[in-house]
Amino acid sequence: MPPPVFRFAPSPNGYLHLGHAFSALLNADLARESGGRFLLRIEDIDATRCKPEFETAIYEDLAWLGMSWETPVWRQSEHLAGYRDAVEKLSAEGLVYPSFESRLDIAKLIAEQNIPHGWPRDPDGAPLYPGTARALGPEERERLLQSGAPYALRLDMSAACAQAGDLSWTERGEGPKDETGTVAADPAAWGDVIIARKEMPTSYHLSVVLDDALQGVTEVARGQDLFWSTSVHRLLQELLGLPQPTYRHHRLIRDAAGQKLSKSTDATSLRELRAVGASPAEIRRRIGLA
Ligand code: GLU
């Protein structure tokens with residue numbers, strides 16, 4: 001049996017906080033205990049929010065925690081051609097279509113529906129895309145593409161689900177799984193998700209599944225907040241013929257008020273804690289890692 005492969009995949013859009021430290025150390029600990037490998041991946045496809053100084057800080061903060069990882073580090077911005085190929089494959093199968101509405105346009109389209117009990121929302125609470133652009137005729141679609149208007153490529157969810165059939169994943173963490181640790185995937189709950197954009201040939205969902213496959217990741221240990229995203233990941237793995245890792249969604253570290261930590265509040269950032277004299281051992285204790 002080849003050794004298991006774990007990864008930590010932060011986005012360089014802010015400084016790492018205690019929640020990241022938990023995820024990173026947990027992955028490294030699991031890799032060490034199982035004789036596995038530990039990889040680092042920089043998820044830097046959001047050009048407006050990702051900054052080189054945050055990437056540098058990720059390396060510094062993880063090294064300060066006493067961590068090491070294999071090099072070269074996988075940086076998503078260096079792998080756009082592979083993402084583009086995958087989008088083309090989905091497109092050739094008729095599973096994606098361009099949508100041209102802004103967020104505001106979508107909100108208006110939904111308001112016009114006048115649904116008394118509220119419009120359906122995805123597991124993150126965002127309203128589902130109403131599917132308007134799926135119904136555009138080929139000429140109108142071509143006209144809009146030629147006009148240079150911005151667009152997002154969306155997955156035709158019902159066609160994709162029909163092609164993929166029933167899906168599930170093996171869960172080693174918490175969550176609504178059966179006694180064998182199997183969770184039934186429900187990608188349809190996300191509606192026609194965005195797979196790529198005009199200016200960026202990928203999305204979080206697409207690059208995460210491609211990279212996990214290309215990096216040979218066998219064990220995905222990540223925060224509970226991404227639990228239901230796994231439904232979309234399983235669907236894309238199936239459509240693209242990629243292997244499926246095992247998942248372990250872990251608890252989230254919360255602040256004193258019980259809120260999930262965010263990058264915008266730096267009270268729990270590792271650099272801030274280091275600056276006031278915390279040691280790596282104290283960080284481990286604070287997040288409940290022996
Ligand atoms: N880059 C994602 C984040 O910072 C994590 C992706 C994953 O672990 O699948 O939340």
Side-chain angles (χ1 to χ4, degrees), residues 4-31 37-51 54-55 57-59 61-62 67 69 73-79 83 123-124 126 169-175 183 185 187 190 193-195 200 202-237 240 242-254 259-266 268-270 287:
V5 182
F6 292 82
R7 50 61 162 192
F8 174 58
S11 300
N13 56 12
Y15 292 118
L16 298 186
H17 54 56
L18 287 171
H20 297 105
F22 179 71
S23 204
L25 289 165
L26 177 71
N27 273 286
D29 288 357
L30 290 167
R37 296 167 56 202
F38 172 70
L39 310 178
L40 181 60
R41 176 164 81 228
I42 301 295
E43 302 213 325
D44 59 348
I45 53 170
D46 185 344
T48 56
R49 296 175 62 217
C50 294
K51 303 227 153 51
F54 293 135
E55 184 176 335
I58 288 173
Y59 303 133
D61 291 347
L62 296 180
M67 301 184 64
W69 49 88
V73 168
W74 185 282
R75 300 174 70 241
Q76 291 189 324
S77 55
E78 294 170 355
H79 297 273
Y83 307 142
D124 282 347
W169 76 85
T170 301
E171 175 67 46
R172 294 197 210 277
E174 291 139 42
V183 181
W190 292 93
V193 284
I194 293 177
I195 290 299
M200 177 50 71
T202 190
S203 58
Y204 160 64
H205 294 308
L206 182 68
S207 27
V208 93
V209 299
L210 284 166
D211 292 347
D212 283 339
L214 290 164
Q215 292 191 282
V217 171
T218 60
E219 311 273 335
V220 172
R222 63 184 175 192
Q224 196 71 33
D225 50 338
L226 293 170
F227 189 89
W228 286 115
S229 293
T230 311
S231 291
V232 178
H233 301 170
R234 285 292 301 114
L235 176 61
L236 291 172
Q237 284 156 0
L240 294 166
L242 305 173
Q244 51 166 315
T246 293
Y247 291 87
R248 180 190 303 258
H249 291 92
H250 61 68
R251 65 185 165 89
L252 299 176
I253 305 293
R254 301 189 179 272
Q259 294 297 309
K260 188 184 140 188
L261 301 183
S262 93
K263 283 182 176 152
S264 48
T265 59
D266 63 12
T268 53
S269 86
L270 297 178
I287 55 184

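All residue numbers in this chain count up from 1 along the given sequence. Remember, it's 1-based here, ligands and their atoms both numbered in the order they're listed. The analysis underlying the following values was restricted to heavy atoms, covering all of them including side chains, and did not include hydrogens, waters or symmetry mates.
Within the structure, the salt bridge (charged side-chain N to carboxylate O under 4.0 Å, His left out) test picks out the following pairs touching residues 219-229 (sequence neighbours left out): Arg172-Glu219, Asp225-Lys260.
Residues Trp69 and Phe6 place their aromatic rings such that the two centres sit no closer than 6.0 Å.
For the pair Ser203 (side chain) and Ile195 (backbone), a donor-acceptor distance under 3.5 Å is present.
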Which N/O atoms of ligand 1 sit under 3.5 Å from a protein N/O, and at what distances?
| residue | atom | partner | partner atom | Å |
| --- | --- | --- | --- | --- |
| ligand 1 | 1 (N) | Ala9 | O | 2.7 |
| ligand 1 | 1 (N) | Ser11 | OG | 3.2 |
| ligand 1 | 1 (N) | Glu43 | OE1 | 2.6 |
| ligand 1 | 8 (O) | Arg7 | NH1 | 2.6 |
| ligand 1 | 9 (O) | Arg7 | NH2 | 3.1 |
| ligand 1 | 9 (O) | Tyr204 | OH | 3.1 |
| ligand 1 | 9 (O) | Arg222 | NH1 | 2.9 |

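Partners of Gln224 under the side chain to side chain donor-acceptor pair (under 3.5 Å) rule, at least two apart in sequence or in another chain, do not exist in this structure. In this structure Ile194 satisfies the side chain to side chain contact (heavy atoms under 4.5 Å, CB included) test together with Ala152, Arg154, Arg197, sequence neighbours excluded.
Aromatic ring orientation, His20 versus His17: tilted (interplanar angle from 30° to 60°).
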